[in-house]
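A short worksheet on the structure shown next.
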Amino acid sequence: MHEAVGTIRNLTWAYRNKLLFNKLHTEFPSGAFISIIGPNGSGKTTLLRHLLRILPSPRGSIVLPQGDLHDYHQKDLARHISYVPQQSRLEYDFTVYDCVAMGRYSHGGRLAVLSPEDHTLIMQSLLAMELSHVADRLATELSGGEYQRMLIARALAQQSHVILLDEPVSHLDVHNQREILTLLRHLVDQKVATVICVLHDLNAVSAFSDLVIMMRAGEIVAEGPAHEVLTKERIEEVYQVAVDIIQREGHLPPIILPHWR
Ligand code: ADP
């Protein structure tokens with residue numbers, strides 16, 4: 001049994017008197033690729049925001065390995081969890097190297113001088129995301145896929161145990177989606193980090209996840225391995241769209257086909 005990188009207990013939360021979570025409970029096991037799925041408005045992003053302590057304190061508790069989230073010092077929290085936001089382009093002319101270096105500031109402070117060890121970690125993060133060859137380019141000149149890998153490299157440089165990603169591949173072509181999800185899968189397999197990722201593509205979810213948490217209207221409707229959560233009946237009920245699930249030979253994940261018409 002894995003220890004948990006985070007446990008959510010009785011999380012209750014309302015936006016402007018509108019209840020979204022009512023005693024939500026879940027646990028994020030260490031060393032897993034965890035996908036959070038569900039229709040728009042289910043509360044996926046809100047859940048990530050609570051884990052990052054971006055929102056005011058909810059009722060209930062979020063427990064991390066060193067205690068309650070709300071007792072964490074900001075620096076300790078940054079060393080536990082890093083965040084890759086939904087596609088957000090920088091307006092400024094930073095190089096790729098400088099953007100990844102920002103991941104080190106949670107360790108040394110914003111004005112800290114980067115140490116030789118920091119530079120090594122930045123280079124390793126660039127290498128892991130296959131970006132060494134563009135380190136000196138301006139971030140604004142990167143392609144969509146490269147930019148997203150740069151944001152992940154920045155999270156890696158932060159050396160946190162957990163990387164949270166909010167729809168990291170929604171805007172990318174299928175080749176880049178596959179490449180980035182494969183790189184994230186490697187990070188989990190190599191025990192570099194636990195990945196908690198909001199994803200929409202159910203086939204990608206099925207191919208890459210160890211654990212799937214399916215939400216709808218602020219509730220967790222199912223959690224478990226993809227083949228248990230992603231049943232035809234449940235997908236049709238939660239997403240209100242008919243699907244076929246085509247099984248494949250061997251250990252290949254099934255193909256989930258929505259009926260477009
Ligand atoms: P998801 O990420 O699954 O699309 P969100 O967490 O963004 O869902 O939103 C969940 C619900 O909370 C939605 O009904 C949304 O309208 C509401 N909501 C999200 N952010 C805010 C906000 N800042 N103020 C008020 N309501 C919000």
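What you are looking at is a predicted structure, and each value in this text was computed from that prediction instead of being measured. For ligands, and for the atoms within them, numbers begin at 1 and follow the listed sequence.
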Run the side-chain donor-acceptor check on residues 223-238: report pairs under 3.5 Å with partners two or more places apart or on a different chain.
unit_1 : atom_1 : unit_2 : atom_2 : d
E223   : OE1    : T26    : OG1    : 2.7
T231   : OG1    : R234   : N      : 3.2
K232   : NZ     : E236   : OE2    : 2.9
K232   : NZ     : V243   : O      : 2.7
R234   : NH1    : E228   : O      : 3.0
R234   : NH1    : V229   : O      : 2.8
E236   : OE2    : V243   : N      : 2.9
E237   : OE2    : R216   : NH1    : 3.2

Please set out all donor-acceptor pairs under 3.5 angstrom arising from side-chain atoms of residues 248-256, sequence neighbours excluded.
unit_1 : atom_1 : unit_2 : atom_2 : d
R248   : NE     : P253   : O      : 2.9
R248   : NH2    : P253   : O      : 3.1

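For residues 124-137, there are no side chain to side chain donor-acceptor pair (under 3.5 Å) pairs, not counting sequence neighbours.
Judged purely by atom type and a 3.5 angstrom limit, Q158 uses its side chain to pair as donor or acceptor with the backbone of A78.
Comment: K44 does not engage E167 in a salt bridge, judged by the lack of any side-chain N to carboxylate O separation of less than 4.0 angstrom. Salt-bridge check for R185 with D210: passed, with a basic side-chain N closer than 4.0 Å to an acidic carboxylate O.
Under 4.0 Å from any atom of ligand 1, one finds heavy atoms of residues Y15, R16, L20, P39, N40, G41, S42, G43, K44, T45, T46.
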